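Worksheet for the structure shown next.
Please read all numbers here as calculations on a predicted model, not as lab measurements. Just so you know, ligand 1 is whichever comes first in the structure, and atom 1 is the first atom listed for that ligand.
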Amino acid sequence: MSKKIDYRFCFGPWNISEGADPYGPPTRPPQSFDWKLRQLKKLGFDAMMFHDDDAVPDIDRKSPTQILKEAKELKKRLDSEGLVAEMVAPRLWFSPLTVDGAYTSNDPKCRQYAINRSLRSIDIANILGTDVIVLWLAREGTYIREAKSGRRSIDWLVVALDKMLAHDKRARLAIEPKPNEPMDHAYVPTIGHALALAQLTRDPRRVGCLIESAHAILAGLDPADEIDFACAFGKLWSLHLNDQNGLKYDQDRPFGCTNLRSAFDQVRALERNGYGRKGEFVCFDVHPFRTTKPEHWLDHLANSRRTFERILAKVRSFDEAAASRLIANRDYQALDQMVIEHLLGSNHD
Ligand code: XUL
Ligand code: MN
């Protein structure tokens, strides 16, 4: 039997969030990036995810030389802490220049801004020692359908991806689909869309994806099936595990919080596909509940990881031979109960 994977874990600075929502202000005081990095280390995580401006704050006001200088300083700090950068993602949804979309804005100046900023993200990733560029296409979609041409938007997305691929021959672009929020409809709502878009680019092999559990659920899909689909193409390069209670705002709940069985199915899919063998990380894109007190601020991260590890033990102790016998006999009723009993464990556990 092949050796079991030792998973490596990460999160991003935005996952230690302050609790603001559209209806109310923060409920926890802001913390510095340094503090967040120390917490990551203390919790025993291996890597950090970075938006470009997590790595280089105020990036739009800095010259390319200054950006590279600050990225180098960050790399030194990460090295000295024994941490690595998992990815860099251009944050293309905050600037006044991306109000109407980034790569698909109707304004050519705004599209150019988005491309330039993405190229800087690739430069930062290079310095931080990662080839994974995550593209959450936050504002690439519409509030009203008539505002943009869907066909033209796909062409512009390809133009932007091609520019990034040409800028650096090693960069791999991991598209993180999400069907809605902030947009009414996004142009790249699912993994199928992301991988189809890859085929239109100048180097389809370097365009893959990142699956977020909550985003798949928002698209009405099973995150485990999305994992299997992406892995069938060898294109699952990153992962945002979390949970989501139905079709509402994006919740980023702790992994397994709402649906333990789905969490089990997701970890099972990761295991059968050998996720992690090529150095991929398990990232948690989770947020504390708004009610969380500052003294419990990191619990959603520690808990997500603990849940992952406990679910992993359940996956590895699942009686696959017994399950196969039930499948061969088409006794899915018994298979269903077998999964439930396995997840529940014995009453003496
Ligand atoms: C948005 C989302 C982002 C990306 C990173 O829903 O998931 O946090 O993961 O840009
Ligand atoms: Mn995410």
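Salt bridge annotation for E309-R305: present, with a cationic side-chain nitrogen under 4.0 angstrom from a carboxylate oxygen.
Annotation: H215 places an N or O atom under 3.5 Å from an N or O atom of ligand 1; distance criterion only. In terms of polar-atom proximity, W93 is not counted as a contact of ligand 1, lacking any N or O under 3.5 Å from an N or O of the ligand.
Contact annotation for M49 and ligand 1: no heavy atom of the residue comes within less than 4.0 Å of the ligand. Of all the heavy atoms of H240, the ones lying under 4.0 Å from any atom of ligand 1 belong exclusively to the side chain. Contacts with ligand 1 closer than 4.0 Å are made by no heavy atom of E181, backbone or side chain.
In summary, the side chains of D243 and N259 do not present any donor paired with an acceptor at a separation below 3.5 Å, with no hydrogens or angles considered. E70 and Q66 are linked by a side-chain donor-acceptor pair at a separation below 3.5 angstrom, with hydrogens and angles left out of the test. In this structure, a donor-acceptor pair under 3.5 Å is present between the side chains of Q266 and S262. In this model, a donor atom of one side chain and an acceptor atom of the other lie less than 3.5 Å apart for D252 and N242. Under the 3.5 Å distance criterion, with hydrogens and angles disregarded, no donor-acceptor pair is assigned to the side chains of R139 and T98.
Listed by number with element, the atoms of ligand 1 under 4.0 angstrom from any heavy atom of E176 are 2 (C), 4 (C), 5 (C), 7 (O), 9 (O). Taking every non-hydrogen atom of D250 and a distance limit under 4.0 Å, the qualifying atoms of ligand 1 come out as 6 (O). Numbered from 1 in the order shown, with element, the atoms of ligand 1 that lie under 4.0 Å from a heavy atom of H51 read 5 (C), 10 (O).
Nearest N/O/S atom of D285 relative to the Mn ion (ligand 2): this is OD2. E176 has its closest N, O or S atom to the Mn ion (ligand 2) at the position named OE2. As for H240, its N/O/S atom nearest the Mn ion (ligand 2) is the one called ND1.
Protein heavy atom closest to atom 2 (C) of ligand 1, with residue, atom name and distance, is D285 OD2, 3.6 Å.
Tested against F229, the residues I211, L195, T190 include a single side-chain contact (heavy atoms from CB on, under 4.5 Å) partner, L195.
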Can you list the steps and then say if L135 with Y103 is a side chain to side chain contact (heavy atoms under 4.5 Å, CB included)? CA-CA 11 Å; L135 301 174; Y103 309 129; 3.5 Å; yes

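At least one N, O or S atom of E212 sits under 2.8 Å from the Mn ion (ligand 2).
I127 and I124 fall into different hydrophobic clusters, where Ile, Leu, Val, Met, Phe, Trp and Tyr residues are linked whenever their side-chain heavy atoms come under 4.5 Å apart, directly or through other members.
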